[in-house]
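Dropping a structure here in structure tokens format, bear with me for questions.
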Number of protein chains: 2
Amino acid sequence: MEVIQTVAELRSKLNERKKHYTNSQASNYNSGVGFVPTMGFLHAGHASLLQQARQDCDIVVLSIFVNPLQFGPKEDFERYPRDPERDLALARQAEVDYVFMPETAEMYPEPIKTMIKVSDLTDKLDGASRPGHFDGVATVVAKLLHIVEPDRVYFGLKDAQQVVVIQRMVKDLHMRTVVVPCSIVREADGLAMSSRNVYLSAEERKQSLVLSQALNQVSGWLEASGEIKALEQQLTAYIQTAALAEIDYVKALSYPSLLEIAHIKDVKAGERLIVALAVKFGRTRLIDNNLLDVN
Amino acid sequence: MEVIQTVAELRSKLNERKKHYTNSQASNYNSGVGFVPTMGFLHAGHASLLQQARQDCDIVVLSIFVNPLQFGPKEDFERYPRDPERDLALARQAEVDYVFMPETAEMYPEPIKTMIKVSDLTDKLDGASRPGHFDGVATVVAKLLHIVEPDRVYFGLKDAQQVVVIQRMVKDLHMRTVVVPCSIVREADGLAMSSRNVYLSAEERKQSLVLSQALNQVSGWLEASGEIKALEQQLTAYIQTAALAEIDYVKALSYPSLLEIAHIKDVKAGERLIVALAVKFGRTRLIDNNLLDVN
């Protein structure tokens, strides 16, 4: 495993490796480079992405970069948790080939003037609560995709809206990579894995279980009437039983179109239902979701 | 020469060709693919781009696509001149390998949600007169760059602001291609080559000479005081001697930063002075410019 800090070195290393696979008779270069972009402070959710990439691809690249562009001015960019030592140990165990860990100045050598904006999909859910967030995500992912040029890129479905936004960007801009969405990985008690879980106090951690518990009951609640408003109200009431829970949004939409619907039977063929939520416990904002096949 | 209409076919053909160059000992693949994106109705200016690409690269790709995204609602998208037969003859003569001529539905299979916006550089000159124009240009060029994945991409300096915008996008987004700006090609009498010149009536065509004549005198005029305001006034007065000329803008800025300056001695080291203009003759809007080394 090699740890690389500059764009130029990563490109030159990847070019060499790609040539090797292209020239060898045994090449399966069509799934040559698998890429897992992260902000570090890796957990079992990231490990599952790396494992999938390792299974699919000749070369696995992990990037660790806390991207300032996707944090709002009042958000947690400065205090976002970092632990490069532990990250590298996890990467080694996952048999990553290259870890790309650029400094901010390497990714943004001068103030960036070019932004990628994906409309419609970004003005709801997390996009509504975090203005500009998905512009920052789309832009840095585009940069990383241009640097790594992966055949496949892996994202966790905990950030389901992020997956939709990136898939749409890749399709609209004719980028060559294949976006591979991977299932949410949870703690034994149900809390969705997140680098931000480390912020939680013991009491907040305990009460945060209400999120996965609420999402687990969605199928059951839907059987009653199938009304989306009623479902959202039930979820809200359930989450409010946790005294420390401060709801940002609880929302059910069609997926991946992210369109408002009144009833589960409004979910069009080929689409699913996403029940997504963002809830603060103290200063810590957690997101989670449940993606359901409903037709 | 092959004429290709779909993204999938172009990619598969280019992949084959690239493999050939990668595997052969004699490969000079680092300048493997040269790309000239155009809107067709080709003239000697486009031919000069193709000639440069042919000199530099193993494989030359020309695209012909009138991009609806970069035309305003009141602009000339519908009546933009088209002549595929003549374009293909010119391409054949220029020894182009692949001509990519997609239908609009191939480039925009559904309404696009993803836009690339380059700030600052796009809010002046043509960007001020044509709101959204450079978003449309940047977005379609990004799409084409993702489809063709060229080592070098060629643009004419008649659209000098376009060159700056694309260079900035490529740099900001870490795109791998090298942007090669090429000199303006002019008719024997000085008029800058443009597909839109065909719109001009005989009288408009005659009077349009005032543009290149004005730009030719910039060096002389600058020797007097070096004041930018005075220069712009002289240019304006000169152009207004043509009765049919309706000035949109006449502007001198530092290049490529496109910053306002008061005096030529304000042009920073490493920068040049661009004197750019847009002038309408009847319904036809012409642009031209003169790029000067001033320090």
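In what follows, chains carry the letters A, B, and so on, assigned in the order in which the sequence lines appear, proteins first and then strands, with residues in each chain numbered from 1. What you see is a predicted model, and the numbers here were worked out from it, not measured in a lab.
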- Would you check if V170(B) and T114(A) make a side-chain contact, meaning some heavy-atom pair closer than 4.5 Å?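 No. Closest side-chain heavy atoms not under 4.5 Å.
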- Message: Distance check, rounded to the nearest 0.5 Å: T139(B) atom OG1 versus K117(A) atom NZ?
- Response: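 The OG1 atom of T139(B) sits 12.0 Å away from the NZ atom of K117(A).
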- Within residues 8-15 of chain B, the residues sitting under 4.5 Å from chain A by heavy atom, in sequence order, are R11(B), N15(B)
- Checking S119(B) side chain against K113(A) main chain: does a donor-acceptor pair fall under 3.5 Å?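 Answer holds: yes.
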- Can you tell me how far the CE atom of M115(B) sits from the CG atom of D135(A), to the nearest 0.5 Å?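 Between M115(B) CE and D135(A) CG, I get 13.0 Å after rounding to 0.5 Å.
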- Task: Using a 4.5 Å cut-off on heavy atoms from C-beta on, say whether the side chain of E110(B) contacts that of K171(A).
- Result: yes
- Message: Any heavy-atom pair between the side chains of R176(B) and E149(A) that's under 4.5 Å?
- Response: yes
- Residue selection (most heavy-atom pairs with chain A, distance under 4.5 Å) from V140(B), L121(B), I147(B), V7(B): I147(B)
- Is the backbone N or O of D172(B) less than 3.5 Å from a side-chain atom of K143(A), with the two atoms forming a donor-acceptor pair by type? yes
- Considering non-hydrogen atoms only, spot the tightest contact between H174(B) and M107(A) and give its length.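 Looking at all heavy atoms of both residues, the shortest contact is NE2-O, 3.4 Å.
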